[in-house]
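What follows is a set of notes on a single structure, which appears directly below.
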Protein chains: 2
Amino acid sequence: MLPDPYDHIPSSALRPLSGAVGDVVFHQGDPTHGLYVVQTGRVHLERVGPDGERFIIHRAQAGTSFAEASVFSEVYHCDAVCVEAGALIRIDKAAILAALVDPAFARAYGRQAAQQIQVQRQMLEIVGIRRAEGRVMAGLVAGLLEGSVIEFAARLQLSHEATYRALRELVKDGRVMNPSRGIYHLRP
Amino acid sequence: MLPDPYDHIPSSALRPLSGAVGDVVFHQGDPTHGLYVVQTGRVHLERVGPDGERFIIHRAQAGTSFAEASVFSEVYHCDAVCVEAGALIRIDKAAILAALVDPAFARAYGRQAAQQIQVQRQMLEIVGIRRAEGRVMAGLVAGLLEGSVIEFAARLQLSHEATYRALRELVKDGRVMNPSRGIYHLRP
DNA sequence: ATCGCAATATGATTTCAATCATATGTTGCC
DNA sequence: GGCAACATATGATTGAAATCATATTGCGAT
């Protein structure tokens with residue numbers, strides 16, 4: 001039901017919520033209740049700039065959590081806005097802090113966090129590669145091409161056209177196999 | 001001495017190491033000993049592609065840790081190569097797992113990890129902004145301009161020239177103040 | 001004081017990805 | 001079977017950032 005470390009939190013600490021488009025889950029400065037898990041829909045975390053512009057800090061998708069750091073702070077430091085209607089579950093921050101006393105939970109939490117940090121570092125390195133060809137190759141090596149090329153392109157922060165072209169170049173250079181339309185994988 | 005959650009690990013679990021340029025701290029597939037803290041110098045984490053190309057997964061700088069996820073796995077999944085000579089400290093993975101039993105350590109670890117995840121998510125959003133002007137503005141809002149504009153540009157994955165030009169545009173539009181040469185800050 | 005070096009700054013040119021356009025293949029559905 | 005919707009492709013054009021070039025400023029060392 002809940003993703004990895006949170007599946008052992010007692011259900012008494014969980015509060016299901018539903019969000020319509022535009023609903024504000026919390027405001028910057030609000031006292032923290034805890035973190036949230038997106039079950040369906042999408043939520044944007046935003047900061048407001050000096051001229052009132054909204055800067056997106058994070059896009060939380062179904063199956064992921066957000067505002068984890070709020071467990072360790074007194075107030076939320078950004079706004080959370082529902083951009084696609086869906087269902088959320090709020091997890092009480094006290095329950096997380098209590099669960100961290102359990103070594104099994106602490107270990108699960110640590111493992112999940114360390115792995116997420118590693119994946120994010122790698123993503124930062126990959127999107128930092130300027131040339132589409134190098135970025136696509138790095139993405140392939142990282143195993144980011146699961147599902148459609150369009151999803152792959154979005155992960156790489158590239159247009160799907162540029163991604164298709166880079167894939168073709170890599171195939172032409174013999175660095176990537178294209179056994180059938182839409183199927184690409186590394187030479188083994 | 002050691003950064004945030006690791007400063008309470010008993011020194012018996014610490015092993016100081018020195019690395020020269022080109023030294024391999026560990027190889028992909030090696031059994032894990034634990035994570036590392038960079039005290040001085042720089043270390044690259046790399047994966048080897050099918051044609052032997054090296055893909056950088058992460059650049060670890062002085063004052064930061066790397067290979068945290070190795071605490072929870074049996075083998076390293078990438079190479080660690082010293083690219084600037086310096087001193088490292090290896091922290092025994094058993095010591096981390098043992099320390100997680102201590103609720104105070106688990107909480108410190110969780111706080112640090114949650115905050116790092118949040119910062120990295122924000123960085124991914126910022127470098128995903130295509131227009132230099134928007135990226136620079138988002139970087140300013142995020143408080144990334146500490147130190148030189150050159151460092152700021154590197155954080156944003158922009159050339160320093162593009163960063164200077166974007167800053168000038170923002171100043172021209174009145175969105176950024178430039179009280180003196182090299183000093184930029186948001187309008188309050 | 002002045003020499004050298006790095007940061008700041010900006011102009012000119014080039015490069016490359018985004019965008020726009022268009023076509024074909026694929027899949028699911030009635 | 002045929003249609004709609006979408007993924008896969010690729011060509012043409014545009015736009016914006018990288019790169020190259022060149023000053024200028026500021027600072028520390030001598």
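None of these values were measured; they are calculated from a predicted model. Naming: A, B, ... by sequence-line order, numbering from 1 per chain.
In this structure, A:F152 reaches neither bases nor backbone, as no heavy-atom distance under 4.0 Å exists between it and the strands shown.
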List the steps, then state whether salt bridge (charged side-chain N to carboxylate O under 4.0 Å, His left out) holds for B:E146 with B:R155. CA-CA 11 Å; B:E146 301 175 5; B:R155 270 192 263 261; 5.7 Å; no
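We find that CD1 of A:I183 is positioned 10 Å from P of C:dT27, with the value rounded to whole Å. When the P atom of C:dG25 is taken as reference, atom CG of A:N178 falls 15 Å away, rounded to whole Å. Taking atom CG of B:L145 as the reference point, atom P of C:dT8 lies 9 Å away to the nearest angstrom. The separation between B:R130 atom CZ and C:dT19 atom P is 6 Å, rounded to whole Å. Whole-Å rounding puts the B:Q157 CD to C:dA17 P distance at 15 Å. Atom CD1 of A:I129 is separated from atom C1' of C:dC16 by 16 Å (rounded to the nearest Å). C:dA17 atom C1' lies 13 Å from atom CG of A:L156, rounded to whole Å. Rounded to whole Å, atom P of C:dA7 lies 16 Å from atom CG of B:L167.
Shortest non-hydrogen contact noted between A:L88 and A:V38 is CD2-CA, 3.9 Å.
Salt bridge status for A:E125 with B:R47: absent, with no side-chain N to carboxylate O gap under 4.0 Å. Checked for salt-bridge contact, A:R121 and B:E68 meet the test: a charged N lies under 4.0 Å from a carboxylate O. A salt bridge is absent between B:R175 and B:E169: the closest approach of a Lys/Arg side-chain nitrogen to an acidic carboxylate oxygen does not fall below 4.0 angstrom.
For A:I150, whose side chain is taken as the heavy atoms from C-beta onward, the closest listed nucleotide among C:dT19, D:dT8, D:dT19 is D:dT8. The side chain of A:S159 sits closest to C:dA18 out of C:dT8, C:dA18, D:dT19. Residue B:R168 places its side chain closer to C:dT10 than to any other of C:dT8, D:dA9, C:dT10.
B:F152 has its ring centre no less than 6.0 Å from the ring centre of B:Y184.
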All N/O pairs under 3.5 Å across the protein-nucleotides 21-24 of chain D interface:
from: D:dT24; atom 1: O2; to: B:R181; atom 2: NH2; distance (Å): 3.2

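The side chain of A:Y164 places no N or O atom within less than 4.0 Å of a non-bridging phosphate oxygen (OP1 or OP2) of D:dA9.
Using a 4.5 Å heavy-atom cutoff, the side chains of B:R54 and B:D79 are in contact.
Taking 3.5 Å as the limit, the base of D:dG11 and the side chain of A:R165 contain a donor-acceptor pair of atoms between them.
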